[in-house]
Each structure stands twice: as structure tokens, then as C-alpha cells.
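Down below is the structure, laid out as C-alpha cells.
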Amino acid sequence: MNLEKYMLPCLFKTLFGIECLGCGFQRALFLLFKGDFFGAFMMYPAVYTTLLFLGIGTLYFFDKSKNHQKPFLISAFVNVIFMLGGYYFKHFYL
């Protein structure tokens, strides 16, 4: 099955012509499903931190009995750092 033809285009890139901080996440996730872990990292360096952030965010949303706020904020900060670093790397070194 060819899942690449069902991927959503980046609206920011379509309107303004430059990539956003999230461009490449769908393709990186697709590479993860195929088992290409290094290729996923090279496509979008924040793929692993984004998945960690989404996992902790899910815990924070569904499990109100435990305090998940501090890990949620830490993972958000780490994810932003990786997103900015990956964006800088893609635009100035590739």
C-alpha cells in the first residue's frame, strides 16, 4: 500500500514557500513505520522528541490523578530545542 500519496501537504509551505518547524514529520513517521530509524532522524530530527512529547501529553490529558505537568513541560522544551535545531540544520547546512 502506498501511503505517501495520502500525506497532507504543508499549508504554511504552500502559502509562503518556506518550510515550517513541523515540515517532514509525516515523512519521518512513515520512515519509522518502515523501520528506517536513521532516515527518520535525518528527515526530521525532532521526530523522537515529538513522539515522546505526544506520549507524555496523552498521559497528562487522560490521567489527572498523577502529576504529569513537570515532565510535560520538560518534554515540550526539549522538543522545541530539537525542532529549532533541526530547522537551522536543514536550512543552513543542507
Side-chain angles (χ1 to χ4, degrees):
M1 182 160 67
N2 188 7
L3 294 176
E4 291 181 16
K5 67 180 180 179
Y6 297 109
M7 289 187 183
L8 299 172
C10 177
L11 183 62
F12 191 83
K13 188 173 182 178
T14 303
L15 292 176
F16 301 111
I18 56 174
E19 292 186 353
C20 68
L21 291 176
C23 276
F25 180 74
Q26 284 184 93
R27 291 173 286 167
L29 196 60
F30 182 71
L31 288 171
L32 274 179
F33 290 149
K34 290 171 75 173
D36 187 4
F37 300 106
F38 183 72
F41 179 79
M42 293 306 290
M43 178 67 64
Y44 186 67
V47 67
Y48 299 113
T49 58
T50 302
L51 291 174
L52 178 69
F53 171 70
L54 291 174
I56 293 173
T58 303
L59 281 174
Y60 181 68
F61 182 74
F62 285 114
D63 188 13
K64 300 291 185 187
S65 65
K66 295 185 179 179
N67 189 7
H68 298 290
Q69 185 175 7
K70 188 173 180 180
F72 180 72
L73 293 176
I74 290 171
S75 67
F77 179 73
V78 169
N79 191 35
V80 167
I81 296 298
F82 269 84
M83 288 172 78
L84 291 173
Y87 188 79
Y88 181 80
F89 179 75
K90 278 199 306 189
H91 287 284
F92 296 109
Y93 288 106
L94 293 181

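Quick caveat, the model's predicted, so the values are computed rather than measured. The chain is numbered in sequence order, starting from 1.
When the shell of 6.0 Å around CZ of Phe82 is examined, it contains 12 or fewer heavy atoms from other residues, nucleotides or ligands. Counted within 6.0 Å of CZ on Phe12, heavy atoms from surrounding residues, nucleotides or ligands total more than 12; the atom is thus considered enclosed.
A ring-ring contact (aromatic ring centres under 6.0 Å, His included) with Phe53 holds for exactly one of Phe72, Tyr60, Phe77; it is Phe72.
Taking every heavy atom of both residues into account, Tyr44 and Ala28 meet most closely at CB-CB, 3.7 Å. Lys90 and Met43 get closest at one heavy-atom pair: NZ-O, 3.9 Å. Counting all heavy atoms, side chain and backbone alike, Pro9 lies closest to Thr14 at CB-OG1, 4.4 Å.
Note: Ile74 CD1 to Gln69 CD = 10.5 Å, rounded to the nearest 0.5 Å. With rounding to the nearest 0.5 Å, the separation of CZ in Phe89 from CE in Met42 is 5.0 Å. Atom CE of Met83 and atom CZ of Phe25 lie 9.5 Å apart (nearest 0.5 Å).
Grouping the Ile, Leu, Val, Met, Phe, Trp and Tyr side chains by contacts below 4.5 angstrom, directly or via other members, places Leu21 with Leu29. Side-chain heavy atoms closer than 4.5 Å link hydrophobic residues (I, L, V, M, F, W, Y) into clusters, and following such links, possibly through other members, connects Ile18 to Leu15.
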Is there a side-chain contact (heavy atoms from CB on, under 4.5 Å) between Val47 and Phe37? Walk through the geometry before answering.
CA-CA 10 Å; Val47 67; Phe37 300 106; over 6 Å; no
Evaluation steps, side-chain contact (heavy atoms from CB on, under 4.5 Å), between Leu51 and Leu32
CA-CA 11 Å; Leu51 291 174; Leu32 274 179; 3.7 Å; yes
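Under a 3.5 Å cut-off, the side chain of Asn79 and the backbone N or O of Thr50 do form a donor-acceptor pair.
Taking the six-membered ring for Trp and thresholds of 30 and 60 degrees, Tyr48 and Phe41 have nearly parallel ring planes, at less than 30 degrees apart.
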